[in-house]
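Working notes, structure below.
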Amino acid sequence: MPPGAPFNSFALPYPIRVDAFSAISPSSPEPHNAVLHLLTHTHSDHIVGLQAKSFCQRVICSADAKDMLLRHEVYRERALHEGEYRAEHNLTFKHLKVDPWIGPDGEVFYHGSRDLLNVFPMDTPTKVELGRDKEVTITLFDANHCPGAVMYLIEGSEGAILHTGDFRAEPWFLESIKHNPLLQPYLALSEDETSTNNGNGIVKTLEAIYLDTACVMQNYQVPTKDDATSGLIDLLKLYPPSTYFFINSWTWGYEDTLKAIARAFNCRIHLDNYKYKVYSRFISDPLLRALGTTDPDETHFHACERFSRCRHVNVDQDGNFINDDDGDEASEDTIDVANRIFFGKPLKETKDSSQKKKLVIYINPVSSMTPESWLQYQATTKKQLANGDVVRSLLVPLSRHSPLPELQSFVSLFRPKRVIPNTLDPSLRNLDWAAIDRVFRSCCRPPDSSHTWNPQQVIPPAPVAEHLLFLELVRECKASTTPTNPG
DNA sequence: GCGATCAGAT
DNA sequence: CACATCTGATCGC
């Protein structure tokens with residue numbers, strides 16, 4: 001996890017570390033050696049330490065996450081390769097999987113081969129040894145965050161814990177959780193909790209949920225991804241067919257929107273070579289695999305490299321083409337102007353001039369918009385478009401993390417013994433933890449003697465005047481609930 | 001010179 | 001716009 005995660009990213013009470021791969025400070029109270037590493041997804045703040053050439057422990061992840069990791073290349077390296085300054089790819093994690101060198105006779109020349117990335121199947125309880133006589137059963141569930149992102153259910157002698165990684169627990173996701181037979185044993189009973197866990201194994205309780213608290217301070221609902229996507233598509237349909245669109249999918253996690261656009265307009269989406277390569281690997285997702293094209297001329301919808309956009313969508317805020325010395329737009333423009341000035345020819349009223357004036361619309365995902373302000377934004381934008389106003393950039397409220405209300409609904413499904421935040425702000429010195437603890441108390445089981453494992457003991461005491469600072473934190477939280485102003 | 005870590009900008 | 005990503009500086013080995 002990003003810096004600031006509790007327990008040095010250990011999924012206590014197990015010696016399992018999640019989304020953290022760098023060395024642990026010798027002064028830390030937690031164990032210093034992880035027996036097992038889990039990876040929830042491949043966003044850069046979840047793979048810290050994995051790039052170290054010295055890393056040599058095995059890592060459990062999903063098949064898609066493994067594919068994405070092994071193709072991972074930072075922007076600079078991608079640009080060097082694209083610009084033909086470097087012939088070969090410089091893959092960030094190539095040291096994690098090293099193939100043996102085998103001669104034509106099957107002779108192995110290089111014995112340093114290894115594959116540290118251990119793919120576990122989805123929705124399949126899988127046993128793992130944790131040292132002598134210790135084993136846990138680990139199950140992966142889709143996390144609705146980005147391709148390859150999973151949650152982990154860890155079951156063993158110390159009880160069961162659920163680690164959400166990063167996730168978006170929108171209503172359909174909660175339904176799928178409720179109907180997942182592997183999680184049903186852990187669902188809370190609606191009313192009578194006293195009868196739970198009499199030892200017959202029918203009703204089980206999670207010791208802890210390690211929760212994605214990235215947006216826990218967002219104390220308001222946000223639109224579902226489906227609402228955001230369908231609303232966006234309605235807006236896109238209002239533009240003339242000659243319009244070009246740039247979808248600023250600046251990180252993994254906007255694929256559902258790309259898929260919906262590809263379907264709605266029955267067209268492919270222009271991708272840079274890197275995204276194309278990654279998407280075309282997704283065996284589990286035929287639509288994602290098929291939606292991309294590396295031919296910029298094939299489509300009006302572009303999700304290519306955002307720092308080196310292709311010539312069709314490389315415009316500034318005023319719609320002027322940037323760096324078009326090798327683009328045909330500029331040369332046509334020049335010829336046209338020359339014709340008009342020197343030969344008195346009228347401007348061509350062909351498709352060329354409409355091409356020159358072609359609109360490029362930027363589509364930017366945002367995360368802080370309520371369902372109401374999204375509706376208002378759509379209405380306002382439709383009005384502007386009907387007026388003939390040029391709306392050059394569109395916002396779409398695509399949250400990849402759950403805000404507080406969704407988190408509370410998710411936790412309430414299970415009523416675990418405790419909630420542990422996946423991320424904390426170190427500058428708040430555990431005050432955010434105290435706040436989170438309070439915010440989820442009513443979604444958890446009341447403390448009793450069955451709380452065999454008490455991580456609270458590990459939490460350093462909050463600073464003086466905790467309640468005052470806590471109030472300040474809540475105020476801050478309330479301040480952040482101001483909905484985004486449309487427009 | 002490499003790698004880890006952090007601040008800062010986008 | 002964005003809580004993820006990249007860059008550059010610093011420090012230690």
Side-chain angles (χ1 to χ4, degrees), chain A residues 1-5 8-9 19-28 40-56 68-69 72-80 90 92-93 95 145-149 165-168 211-218 222-223 228 232 246-255 257 272 274-275 278 303 305-309 316-317 361-370 373-374 377 381 391-404 407 421-428 432 476-477 480 482-487:
Chain A
M1 300 301 300
N8 269 323
S9 301
D19 292 350
F21 308 91
S22 44
I24 298 166
S25 154
S27 61
S28 87
T40 64
H41 65 290
T42 67
H43 280 148
S44 64
D45 53 336
H46 292 258
I47 51 182
V48 175
L50 206 50
Q51 80 288 351
K53 301 283 176 282
S54 54
F55 184 87
C56 59
M68 292 168 80
L69 265 191
H72 187 279
E73 207 175 357
V74 297
Y75 171 67
R76 191 185 148 78
E77 298 298 334
R78 304 199 295 265
L80 283 172
N90 192 1
T92 318
F93 300 105
H95 58 291
H145 178 69
C146 73
D166 284 1
F167 79 147
R168 175 76 200 275
L211 190 69
D212 172 19
T213 46
C215 293
V216 73
M217 292 302 192
Q218 269 189 333
V222 296
L232 172 69
F246 178 75
I247 306 138
N248 186 9
S249 48
W250 56 287
T251 186
W252 308 123
Y254 302 119
E255 290 71 19
T257 305
D272 50 84
Y274 176 59
K275 273 200 213 83
V278 171
E305 194 79 75
R306 70 190 193 286
F307 293 136
S308 51
R309 301 180 291 267
D316 64 18
Q317 289 183 335
I361 308 302
Y362 277 62
I363 301 165
N364 284 311
V366 294
S367 73
S368 52
M369 220 192 261
T370 64
S373 51
W374 173 227
Y377 176 83
T381 308
V391 182
R392 282 219 167 78
S393 87
L394 291 174
L395 303 180
V396 54
L398 286 167
S399 286
R400 287 167 289 117
H401 299 277
S402 284
L404 182 59
L407 294 176
N422 282 350
T423 50
L424 291 170
D425 179 349
S427 71
L428 292 174
D432 43 356
E476 221 173 85
C477 174
S480 76
T482 315
T484 298
N485 259 344

Original post:
So A:Y377 and A:W374, would you call those rings parallel, tilted or perpendicular, with 30° and 60° as cut-offs?
Top reply: parallel
**OP:** Apply side-chain hydrogen bond (donor to acceptor under 3.5 Å, both in side chains) to A:S393 and list each qualifying residue two or more places apart in sequence or on a separate chain.
**Re:** none
Original post:
Which one, C:dA4, B:dA4, C:dC1, comes nearest to the side chain of A:N364?
Top reply: C:dC1
Original post:
Taking OP1 and OP2 of C:dC3, is either one under 4.0 Å from a side-chain nitrogen or oxygen of A:Q218?
Top reply: no
**OP:** To the nearest Å, give me how far apart CZ (A:F55) and C1' (B:dA4) are.
**Re:** 15 Å
Original post:
Who passes ring pair (Phe, Tyr, Trp, His ring centres under 6.0 Å) against A:H401, sequence neighbours left out?
Top reply: A:H145
Original post:
A:E255 CD to C:dA4 C1': how many Å, rounded?
Top reply: 14 Å
**OP:** State which of B:dG3, B:dA4, C:dA4 makes the closest approach to the side chain of A:S54.
**Re:** B:dA4
**OP:** Could you tell me which residues satisfy salt bridge (Lys or Arg N to Asp or Glu O under 4.0 Å) with A:E305, sequence neighbours excluded, listed by chain and number?
**Re:** A:R78
Original post:
Does the side chain of A:H43 get closer than 4.0 angstrom to OP1 or OP2 of C:dC3 through an N or O atom?
Top reply: no
For nucleotides 6-13 of chain C, which of its nitrogen or oxygen atoms have a protein nitrogen or oxygen under 3.5 Å away, and what is each distance?
{"residue": "C:dC6", "atom": "OP1", "partner": "A:Y75", "partner atom": "N", "Å": "3.2"}

Original post:
Closest to the A:A52 side chain: C:dC3, B:dA4, C:dA4?
Top reply: B:dA4
**OP:** Could you pull out all residues at least two apart from A:F55 that satisfy ring pair (Phe, Tyr, Trp, His ring centres under 6.0 Å)?
**Re:** A:F21, A:H37
Subject >> Whole angstrom value for the distance that separates C1' of C:dC1 from CD1 of A:I247 >> reply: 16 Å
Subject >> By salt bridge (Lys or Arg N to Asp or Glu O under 4.0 Å) - contacts of A:R168 (at least two apart) >> reply: A:E406
Original post:
C:dC3 phosphate, OP1 or OP2: any side-chain N/O from A:R400 under 4.0 angstrom?
Top reply: yes
**OP:** Measure from the side-chain heavy atoms of A:N248 and tell me the nearest of C:dA4, C:dC1, C:dC3.
**Re:** C:dC1
